[in-house]
Chemist: 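The structure follows.
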Amino acid sequence: MGRGAQAQTQQMIDQQLSQQNAMNQQIYGSSQALGSQASAGFQNMLANPGYTQAEQSAIANLSQSALSSSFNALAQNAANRAARTRNSAGYGELIDSLARTQGQDQANLAQQDQIAFANASRSDTLSALSGLSGLYGTDAGLLGRALGVPAQLLDASARNAQSSGFSLGLGPGGLSFGLRG
């Protein structure tokens, strides 16, 4: 190969290398920006897990309202039947029974709502810890202990991570996916 051809080949290699380095820098910058956004989102989720007070109030009000509507309809049907038949025998007892059942159902529904709120909070905390540990490549257990998260949450997270065959990561090389077999 002549010197001119050799110089031209070297120039083309340098040009291609320069373009590749520019593209790699662009990808790295994009992944850094994405990582920063994801990190901020996970940190916000960790700081504010679960539903807001307004969301909890709306959920509880809507579920209690729906329950009350069904009992109001039952009471109205009983009143209509008593008026239609002109026989009020048993009407008071039926209304009392409906009121007792409604009170019990409202208490059960309130308890279910509180359990759902606690589970949403726990789930968000686990998701945030898992996401942060994936972003930074640290052990979720270590990260959780450093942040003061109870060990019961971490054990559940570790079991989920072991049973999952899927992994996700973000680093200087960009976003990576993996399957364990």
Side-chain angles (χ1 to χ4, degrees), residues 19-74 98-181:
Q19 289 174 350
Q20 186 64 45
N21 284 339
M23 189 166 59
N24 286 344
Q25 284 293 67
Q26 184 181 8
I27 291 171
Y28 180 70
S30 295
S31 70
Q32 287 294 97
L34 180 61
S36 294
Q37 288 176 342
S39 176
F42 287 134
Q43 288 172 355
N44 183 42
M45 187 186 291
L46 190 60
N48 304 302
Y51 297 108
T52 65
Q53 289 295 332
E55 291 169 331
Q56 289 179 10
S57 178
I59 290 169
N61 288 340
L62 288 172
S63 59
Q64 291 291 343
S65 176
L67 182 66
S68 291
S69 293
S70 65
F71 277 99
N72 289 343
L74 289 171
L98 282 174
R100 272 191 307 280
T101 304
Q102 182 179 8
Q104 291 167 346
D105 287 354
Q106 284 177 326
N108 289 337
L109 185 58
Q111 181 183 26
Q112 289 171 0
D113 286 346
Q114 292 303 312
I115 290 169
F117 299 153
N119 286 340
S121 179
R122 175 179 264 185
S123 176
D124 283 358
T125 299
L126 283 173
S127 294
L129 279 175
S130 180
L132 285 171
S133 70
L135 283 175
Y136 297 119
T138 59
D139 179 67
L142 179 62
L143 183 62
R145 284 190 291 280
L147 295 171
V149 176
Q152 300 88 336
L153 289 178
L154 300 176
D155 290 341
S157 178
R159 284 191 302 273
N160 287 340
Q162 288 173 352
S163 66
S164 171
F166 180 74
S167 67
L168 173 70
L170 182 65
L175 196 59
S176 65
F177 303 94
L179 295 172
R180 290 188 294 266

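Here, residue 1 is the first one in the sequence, and each next residue gets the next number.
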Chemist: Are there over 12 heavy-atom neighbours, none belonging to Q19, within less than 6.0 Å of that residue's CD?
Modeler: yes

Chemist: Could you measure the distance from the CG atom of L62 to the CG atom of L67? Nearest 0.5 Å is fine.
Modeler: 12.5 Å

Chemist: Looking only at side-chain N and O atoms, does Q20 offer a donor or acceptor that is under 3.5 Å from a partner on N24?
Modeler: yes

Chemist: Just how far is it from atom CD1 of I115 to atom CZ of R122, taken to the nearest 0.5 Å?
Modeler: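 Output value for this atom pair is 12.0 Å.
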
Chemist: Holding to ring pair (Phe, Tyr, Trp, His ring centres under 6.0 Å), I want the full list of residues that pass it with Y51, two or more places apart in sequence or in another chain.
Modeler: F117

Chemist: Which pair of non-hydrogen atoms, one from L109 and one from S63, has the smallest distance, and what is that distance?
Modeler: CD2-O, 3.3 Å

Chemist: With no hydrogens and no angle check, is any side-chain donor or acceptor of S69 less than 3.5 Å from a backbone partner on S65?
Modeler: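 Between the backbone of S65 and the side chain of S69 there is a qualifying donor-acceptor contact (under 3.5 Å).
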
Chemist: From Q43 CD over to M45 CE, what is the distance, rounded to the nearest 0.5 angstrom?
Modeler: 12.0 Å

Chemist: Could you check whether any side-chain N or O of Q106 sits under 3.5 Å from a backbone N or O of Q64, counting only pairs where one atom can act as donor and the other as acceptor?
Modeler: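 Checked: no pair found.
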
Chemist: S127 side chain to S123 main-chain N or O, any donor-acceptor pair under 3.5 Å?
Modeler: yes

Chemist: Is the backbone of G50 close enough, under 3.5 Å, to the side chain of D124 for a donor and an acceptor to pair up by distance?
Modeler: yes

